[in-house]
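One structure is given below, encoded as structure tokens.
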Amino acid sequence: MFALPNASERDLHLAAHQAYLDCFSRAEQMGLWVLETPEATHVATAHGRPVPGCFVHRVRGRLTLWDVLRHCVQCGTDVEALCVLESAVVLKKCTLEQLHHNFQKRKDARARRIIAMIDPQSHSIAETSRRYHLRKAGYKVQGQAAIRGMGHLDLLVEGVLGIETAARNFTTQPKLGPKIYAAPTSLPSVVCQLCTSGPVMRCITPKP
């Protein structure tokens, strides 16, 4: 096997096993929004044989963007898959129409449900994940809401609670917490808990 001098250990390992980065590992390499780097590197192979230290996806032919996105849906939670698919649209790797076109099979029902959650106006992985958790908790959330005298807010909850996520790339840069803008009639029963390990918001109702 021949390799360039700057080839990494991982590159050599994958080449030796005729494998390519896939799924969340490939998505991260492409600059898509990945909430957490998977513990085991996800790879694609044509032969389907085990690759030491890796999770193997078997593919036929050349690996495509649609293979990568489909495998992210198969392996990840709804919010993890949403972040990847939404970023593919936001970063102009594909369009919403192309996503709908490529996920039409019966087995793609879960992918279509996740695609229906995509907001092409999202600005960050923090905004996407917080919007998901707020809506899952039952709240009405508007993304990139236009507020007179303030411009646009990342998230507007129930028309009264504004959230600016103010997040940088949390995997490589210091984490910045969100700014909360609440009207006097804001949601008294909502407690927003920010996960310190990443840009995730969970909303709970305090115990009586």
Side-chain angles (χ1 to χ4, degrees), residues 24 27-28 30-36 69 72-73 76-103 109-207:
F24 288 107
E28 191 169 43
M30 294 170 61
L32 300 181
W33 298 342
V34 176
L35 274 174
E36 292 187 22
L69 299 182
C72 286
V73 172
T77 63
D78 282 2
V79 66
E80 289 171 336
L82 173 62
C83 287
V84 172
L85 269 62
E86 186 161 284
S87 65
V89 174
V90 172
L91 300 176
K92 301 188 184 305
K93 304 290 185 181
C94 65
T95 65
L96 265 176
E97 290 75 15
Q98 289 173 320
L99 282 176
H100 286 295
H101 177 76
N102 282 277
F103 289 90
R110 179 168 177 255
R112 290 192 293 272
R113 179 168 56 79
I114 292 171
I115 291 170
M117 303 179 196
I118 290 177
D119 181 356
Q121 303 303 316
S122 180
H123 285 187
S124 70
I125 188 173
E127 181 181 332
T128 299
S129 60
R130 286 168 180 157
R131 185 186 75 241
Y132 169 85
H133 285 292
L134 284 164
R135 286 180 175 170
K136 187 177 177 68
Y139 299 105
K140 295 179 181 178
V141 184
Q142 180 182 350
Q144 294 302 315
I147 306 299
R148 183 179 298 178
M150 293 186 65
H152 287 79
L153 285 173
D154 288 345
L155 301 171
L156 183 63
V157 184
E158 297 287 347
V160 295
L161 180 67
I163 302 174
E164 277 293 308
T165 55
R168 299 180 184 177
N169 182 339
F170 73 96
T171 59
T172 59
Q173 298 186 36
K175 304 174 183 64
L176 299 178
K179 295 179 181 178
I180 309 295
Y181 302 93
T185 56
S186 62
L187 314 176
S189 64
V190 178
V191 176
C192 297
Q193 296 184 325
L194 301 182
C195 175
T196 58
S197 62
V200 177
M201 171 175 282
R202 298 183 181 88
C203 292
I204 62 172
T205 302
K207 294 180 180 180

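- If you take CG on L96 and NE2 on H101, they are separated by 14.5 Å, rounding to the nearest 0.5 Å.
- When each of V157, D154, L156 is tested with I163 by the rule side-chain contact (heavy atoms from CB on, under 4.5 Å), just one qualifies, namely V157.
- Q144 places no side-chain N or O within donor-acceptor distance of the main-chain N or O of S122, the cut-off being under 3.5 Å.
- Here CD of E158 is found 9.5 Å from CG of L134. Values are rounded to the nearest 0.5 Å.
- Under the side-chain contact (heavy atoms from CB on, under 4.5 Å) criterion, Q98 pairs with W66, C94, T95, N102, sequence neighbours left out.
- The CD atom of E80 lies 13.5 Å from the OG1 atom of T128; values are rounded to the nearest 0.5 Å.
- In this structure, CE on M30 lies 7.0 Å from CG on L69, to the nearest 0.5 angstrom.
- Of all the heavy atoms in L32 and S87, the pair that sits closest is CB-OG, 3.4 Å.
- In terms of heavy-atom proximity, E86 sits nearest to W33 at OE2-CZ3, 4.2 Å.
- In terms of heavy-atom proximity, F24 sits nearest to V34 at O-CG2, 3.9 Å.
- Looking at every heavy atom in both residues, F103 comes nearest to A111 through CD2-CB, 3.5 Å.
- E127 CD to C83 SG: the interatomic distance, rounded to the nearest 0.5 Å, is 11.0 Å.
- Just one residue in the list T77, D119, L82 forms a side-chain contact (heavy atoms from CB on, under 4.5 Å) with Y132, and that residue is L82.
- R110 meets the side-chain contact (heavy atoms from CB on, under 4.5 Å) test with V73, D78, R113, I114; sequence neighbours excluded.
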